[in-house]
Amino acid sequence: MKIHGPTPPLIVSAATAVLLLLASTQPQVVNAKLSELTATPIEGAATDCSEPMFSVQLADDVLMSYVIKTPDDAVAPATISVDMEFDVETWVSFGYSPDDKGKMIGSEAIIGLPLDGTVQKYHMNSEKVEGVFPRAESEQTLQDSEVWQSAGKTYLRFTKELVEPGEIPINSQGINYFMWAYGYENELGLHDKKTGAGAFSLDVTSCVPPVVQPTLPPTDPPVEDVMVQDPTASPTRAPKEAVVADKEAAPVAEEEDEEKQEDEDDFERDAYDGPAVSSEEQEQLDCSDYQHHVQVDPKLSVYYVVNADEAGEHDGTISVKLEYQGNAWLALGVAENPAGKMIGSESVVALPDEPVSKTNPGEYHMISEQNEGVFLMEDSKQTLMDASIVQEDGMTIVTFTKLLSEEGKLGLTANGEVSTLLWAYGYSNDLNLHKATGAFRLTLEYCGGDSSGMSEVAFQALSKYTADQRRTMWFAHAILGLLAWAVLAPSAVAASWLRKLFQKWGAFWFKAHMYMNILVFILSIAAFAISVTMYCDESKAHFVGTHEAMGLALMLLVTFQAANGMFRPPAAPKTESTAQSSALVKARSPDGSDDEMGTEVSFVPPPPPPETSLSLKNEPGSTAPTPMGSAHGSLVESNVSPSKSTTKTKKIRAAWESIHKLLGVFLIFIGLWQVQSGIALYSLRFGTTNYSYVFWWCIGAFAAVVLGLTVYIRVKDV
């Protein structure tokens with residue numbers, strides 16, 4: 001149906017609400033506010049321009065030191081040397097802008113990635129990650145550049161020429177416009193718009209290094225070819241003896257050269273073949289080191305070796321090393337069942353901020369997916385050996401040795417049977433929800449001493465998706481739920497509530513109500529399917545949490561509501577006595593829709609009445625016709641005694657309308673609660689900002705618009 005006239009105000013308000021909400025839900029990189037900062041001279045700094053001479057406190061957790069060096073000659077280029085100190089362990093950057101707008105787009109940056117150890121110049125063509133990419137290799141002209149992490153901090157250092165072809169120039173004197181940022185982790189990604197970025201102007205001065213005149217070394221008189229000897233020692237040779245022994249020494253020298261060459265050849269063979277050791281020594285050497293490597297996640301590697309117990313007191317041990325590219329708590333566990341579920345399993349958990357002790361790394365029970373369901377085993381079961389936890393250069397490394405089988409614990413076997421293990425790492429060093437997790441199966445074998453080096457182990461991952469893919473899937477689940485229950489469902493209800501406002505658009509209100517509810521149902525199915533898929537992939541129990549159980553209830557109710565709407569009962573037929581009211585309804589609803597759900601309103605003539613009802617009864621003995629006529633007499637009698645089927649139809653329709661309305665309102669409230677609960681869970685699961693307050697602001701604004709239009713309808717009597 002073609003709609004004429006201006007765009008309905010409901011559509012404008014709904015679109016505005018969704019745009020505001022979507023912009024607030026996904027973290028975005030925004031333009032930082034420009035600040036005017038002043039540099040402070042560094043006391044005791046060298047005056048030869050060889051080290052930073054000024055410092056600027058850019059934020060509570062960001063310190064910049066720099067020196068701008070402009071050589072007196074015209075040959076060497078002017079440069080800026082910068083040292084940045086960030087009180088976080090993430091990727092870091094320093095940028096320069098062409099103007100005082102402080103905008104990211106159009107600026108240029110130097111970004112340090114601790115995991116890669118790279119410091120490069122980048123284009124910034126977009127506020128999205130894909131719009132930030134390195135400049136061409138020929139333009140990577142930074143000097144003395146490095147990035148490193150230590151004691152919870154990240155350091156960035158580089159020297160850059162002030163003026164380079166095709167790049168934004170930096171002034172050696174006067175005002176420059178700079179920027180800085182750091183992210184959430186070591187991999188390049190988004191930064192916090194409030195605390196993780198800044199833009200500032202800085203009035204700089206240059207340093208001119210002193211000109212050092214080269215000094216020539218003193219010239220010594222020519223030295224004759226004489227042998228200097230220790231006066232207290234006897235001469236090593238006399239001129240006459242040297243002459244006499246010259247011929248005799250020649251064959252000796254040749255023999256010495258041959259022996260020297262043979263020694264060099266032997267050394268090369270030893271370096272290639274390795275030292276000659278016995279078979280027992282070779283076996284001991286191999287089995288004392290890790291023999292196998294499993295890459296369970298792009299950021300997490302597992303190295304291990306399984307050794308039998310020579311004394312035969314137990315089944316043997318497994319020595320493990322976990323290497324994670326980042327700073328976080330780590331865990332490696334033994335699953336209770338082949339499905340690799342967390343509940344019921346046991347795990348070794350390492351907390352880097354806690355001192356290494358008998359219980360750190362420690363062995364934990366896991367009886368729930370919540371923090372309170374993960375707790376240390378009793379001291380008698382803390383039997384790990386050779387345990388350590390180290391964090392350096394942006395890496396977390398955990399080592400331990402564990403008995404394969406122990407009484408009262410889940411065990412591992414090394415006789416060719418398949419073992420199921422779990423792994424996880426968090427967002428930080430504090431034990432909390434994990435950032436990524438997974439389960440895998442592998443076959444353990446005892447070290448036999450014939451290994452030629454580290455081997456990659458074939459294993460079966462029980463998860464189809466990586467951590468990044470899981471995050472993408474959960475984000476899609478969130479967006480689908482947001483659109484369904486924060487945008488479409490309220491708009492569908494508002495379309496029905498404000499139907500009088502849309503009379504000039506014909507049946508627009510009913511079509512909008514119906515189609516938006518259909519979309520709500522489709523999007524809800526898609527969001528529900530994603531959540532079930534992800535819980536199956538993560539081997540988690542279904543519908544155990546409040547959000548999960550409410551999601552199942554919401555899915556069942558919205559399915560019932562959709563079916564209820566599709567199979568609604570027909571409205572009761574109109575009788576001739578209500579022809580005038582039907583005409584009025586048609587005048588109020590030119591599209592022919594009824595007052596509730598759009599059923600056609602039409603005049604349905606009643607069946608022909610019995611002959612006795614064609615006229616009203618007269619007084620006894622009276623033969624005069626009825627004043628109203630026979631037709632009107634029939635109308636009156638039909639009005640007084642409606643058929644039972646018509647009455648039943650009306651009751652069914654009224655009951656359906658009540659259920660449909662009440663369930664619709666109930667679903668709206670449940671859906672809105674589910675959306676805010678999902679936003680909170682997403683922020684908790686992935687360490688992002690909780691934007692629930694923005695969600696409620698948008699819902700409040702939408703409700704205010706609907707309320708205002710309702711008052712308008714009542715006042716104007718639309």
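These numbers were taken from a predicted model, which means no experiment stands behind them.
Remark: M179 CE to Y96 OH distance equals 12.0 Å, nearest 0.5 Å. Between Q674 atom CD and L667 atom CG the span is 11.5 Å, to the nearest 0.5 Å. In this structure, CH2 on W91 lies 10.0 Å from OH on Y184, to the nearest 0.5 angstrom. The distance from atom CE of M550 to atom CD1 of I670, rounded to the nearest 0.5 Å, is 5.0 Å. For the atom pair I530 CD1 and I479 CD1, the distance stands at 10.5 Å (nearest 0.5 Å). Interatomic distance, L37 CG to F178 CZ, rounded to the nearest 0.5 Å: 11.0 Å.
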query = Should S531 and W474 be marked as a side chain to side chain donor-acceptor pair (under 3.5 Å) after you check the CA-CA gap, both sets of side-chain angles, and the distance that decides it?
reply = CA-CA 7 Å; S531 65; W474 281 120; over 6 Å; no
task = List the steps and the verdict of side chain to side chain contact (heavy atoms under 4.5 Å, CB included) for Y515 and I518.
result = CA-CA 5 Å; Y515 291 133; I518 292 174; 4.2 Å; yes
key: side chain to side chain contact (heavy atoms under 4.5 Å, CB included) assessment of V665 paired with V493   = CA-CA 8 Å; V665 173; V493 172; 5.6 Å; no
query = Between W180 and F200, does a side chain to side chain contact (heavy atoms under 4.5 Å, CB included) hold up when you go through it step by step?
reply = CA-CA 9 Å; W180 61 269; F200 62 99; 3.9 Å; yes
key: Derivation of the side chain to side chain donor-acceptor pair (under 3.5 Å) call for T710 and W497   = CA-CA 8 Å; T710 302; W497 180 262; 2.9 Å; yes
key: side chain to side chain contact (heavy atoms under 4.5 Å, CB included) evaluation trace for I105 with N125   = CA-CA 5 Å; I105 298 177; N125 294 344; 5.7 Å; no
inquiry  = Is there a salt bridge (Lys or Arg N to Asp or Glu O under 4.0 Å) between E657 and K661? Walk through the geometry before answering.
reply    = CA-CA 6 Å; E657 289 176 356; K661 290 178 181 179; 5.0 Å; no
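Residues satisfying the salt bridge (charged side-chain N to carboxylate O under 4.0 Å, His left out) criterion with E548, sequence neighbours excluded, are absent altogether. Partners of F133 under the ring-ring contact (aromatic ring centres under 6.0 Å, His included) rule, at least two apart in sequence or in another chain, are H123.
Here the side chains of L663 and F560 are in contact, with some heavy-atom distance below 4.5 Å. By the 4.5 Å heavy-atom criterion applied to side chains, S201 and S35 are not counted as neighbours. Contact check for V132 versus M104: side-chain heavy atoms found under the 4.5 Å cut-off. Put simply, the side chain of T437 reaches to within 4.5 Å of the side chain of H434, judged on heavy atoms. Inter-residue side-chain proximity for R471 and T688 is flagged as met; some heavy-atom pair is nearer than 4.5 Å. Contact annotation: the side chain of F94 never approaches that of L58 to less than 4.5 Å [non-hydrogen atoms, C-beta and beyond]. Considering only heavy atoms from C-beta on, V558 comes within 4.5 Å of W485 through its side chain. Two residues are said to be in side-chain contact when any heavy atoms from C-beta on lie closer than 4.5 Å; L552 and F528 meet this criterion.
A donor-acceptor contact shorter than 3.5 Å is absent between the side chain of S677 and the backbone of W673. The backbone N or O of P569 lies less than 3.5 Å from a partner atom in the side chain of R653, making a donor-acceptor pair. Between the side chain of Q676 and the backbone N or O of F695 there is no donor-acceptor pair closer than 3.5 Å. With hydrogens and angles ignored, the 3.5 Å screen pairs no side-chain donor or acceptor of R135 with any backbone N or O of E108.
The two residues M555 and T559 make their nearest non-hydrogen contact at O-OG1, 2.7 Å. Shortest non-hydrogen contact noted between A489 and V520 is N-CG2, 3.5 Å. The nearest pair of heavy atoms linking Q561 to H660 is NE2-O, 3.0 Å. Heavy atoms only, all atoms of each residue included: G340 and L422 are closest at O-CD2, 3.2 Å. Heavy atoms only, all atoms of each residue included: A494 and F702 are closest at CB-CZ, 4.2 Å. Between S93 and I111 the shortest heavy-atom distance is CB-CG1, 3.7 Å.
Between H477 and H547, the two ring planes are perpendicular [angle over 60°; tilted spans 30° to 60°].
When each of V705, V711, V706 is tested with L709 by the rule side chain to side chain contact (heavy atoms under 4.5 Å, CB included), just one qualifies, namely V705.
The closest side-chain donor-acceptor pair between S496 and H513, if any, does not fall under 3.5 angstrom. Defined by atom type and a distance below 3.5 Å, a donor-acceptor pair is missing between the side-chain atoms of N690 and Y682.
Ring to ring, W697 and Y693 are close: their centroids are under 6.0 angstrom apart.
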